[in-house]
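The analysis underlying the following values was restricted to heavy atoms, covering all of them including side chains, and did not include hydrogens, waters or symmetry mates. Bear in mind that the values here come from a model prediction, so they are computed numbers and not experimental data.
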Amino acid sequence: METPGYMKLNVWNYAKDLAVEIYKLTMDGELSKDYNLKDQIRRSAVSIPSNIAEGSEKSSDKEFIRHLNIARGSTAELLTQLLIAKEIGYISEDQFRDYYEKCTEVTKMLTGL
């Protein structure tokens, strides 16, 4: 079985790993009990690698770029939701800082494509 092209992209792998981390983060603690915020955070995180994958499978560069921009938007959405989670005490400052750096890295990688 041949590996799809998007699975070879560093940004897709990084974003997929971030989504897995976010799922683990939202399994415990106060955040796990806030179903609306937890679900929104998860959807944003999953949207990033999903849009990279979908865009890379489109037949035109224009469509790929459009999906990369959607992924960038989802990254900003995720970061906003994590900031809210920090400010209401669901995650620590250190956790937020770590995810801030990861989201910033994803944005840089997406911009580089």
Are side-chain heavy atoms of [X] and [Y] found at a separation under 4.5 Å?
X   : Y   : value
L25 : L82 : yes
N51 : L68 : no
Y6  : E54 : no
M7  : K16 : no
R43 : S47 : no
V46 : Y23 : yes

Minimum heavy-atom distance between [X] and [Y], given as atom pair plus value:
X   : Y   : result
T3  : K8  : O-CE, 3.7 Å
A15 : I52 : CB-CD1, 4.2 Å
L31 : K38 : O-CB, 3.6 Å
R42 : T26 : NE-OG1, 2.7 Å
W12 : A53 : NE1-CB, 4.0 Å
E57 : G5  : OE2-N, 4.4 Å

What's the separation between atom [atom1] in [X] and atom [atom2] in [Y], rounded to the nearest 0.5 Å?
X    : Y    : atom1 : atom2 : value
I65  : K58  : CD1   : NZ    : 14.5 Å
T107 : R72  : OG1   : CZ    : 6.0 Å
L78  : K102 : CG    : NZ    : 11.5 Å
S44  : I22  : OG    : CD1   : 9.5 Å
C103 : E101 : SG    : CD    : 10.5 Å

For I88, enumerate each residue passing the side-chain contact (heavy atoms from CB on, under 4.5 Å) test, keeping only those at least two apart in sequence or located in another chain.
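So I88 forms a side-chain contact (heavy atoms from CB on, under 4.5 Å) with L37, I84, Y90.
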Could you go through the side chain to side chain contact (heavy atoms under 4.5 Å, CB included) check for Y99 and E21 one step at a time?
CA-CA 9 Å; Y99 289 113; E21 284 185 40; 3.5 Å; yes
Let's go through L79 and Y100 carefully: what are the C-alpha distance in whole Å and the side-chain angles of both, what is the deciding distance for side chain to side chain contact (heavy atoms under 4.5 Å, CB included) to 0.1 Å, and is it a yes or a no?
CA-CA 6 Å; L79 188 56; Y100 179 88; 3.7 Å; yes
Charged N to carboxylate O under 4.0 angstrom, E63 versus R66?
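Yes, this pair counts.
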L113 with I48, same ILVMFWY side-chain cluster at under 4.5 Å:
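Same cluster.
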Group every Ile, Leu, Val, Met, Phe, Trp and Tyr by side-chain heavy-atom contacts under 4.5 Å, then state whether I70 and F64 land in the same group.
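Per the 4.5 Å side-chain linkage, I70 and F64 are not co-clustered.
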Between T80 and A76 (side chain of the first, backbone of the second, donor and acceptor by atom type, cut-off under 3.5 Å), is there such a pair?
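Such a contact is found between T80 side chain and A76 backbone.
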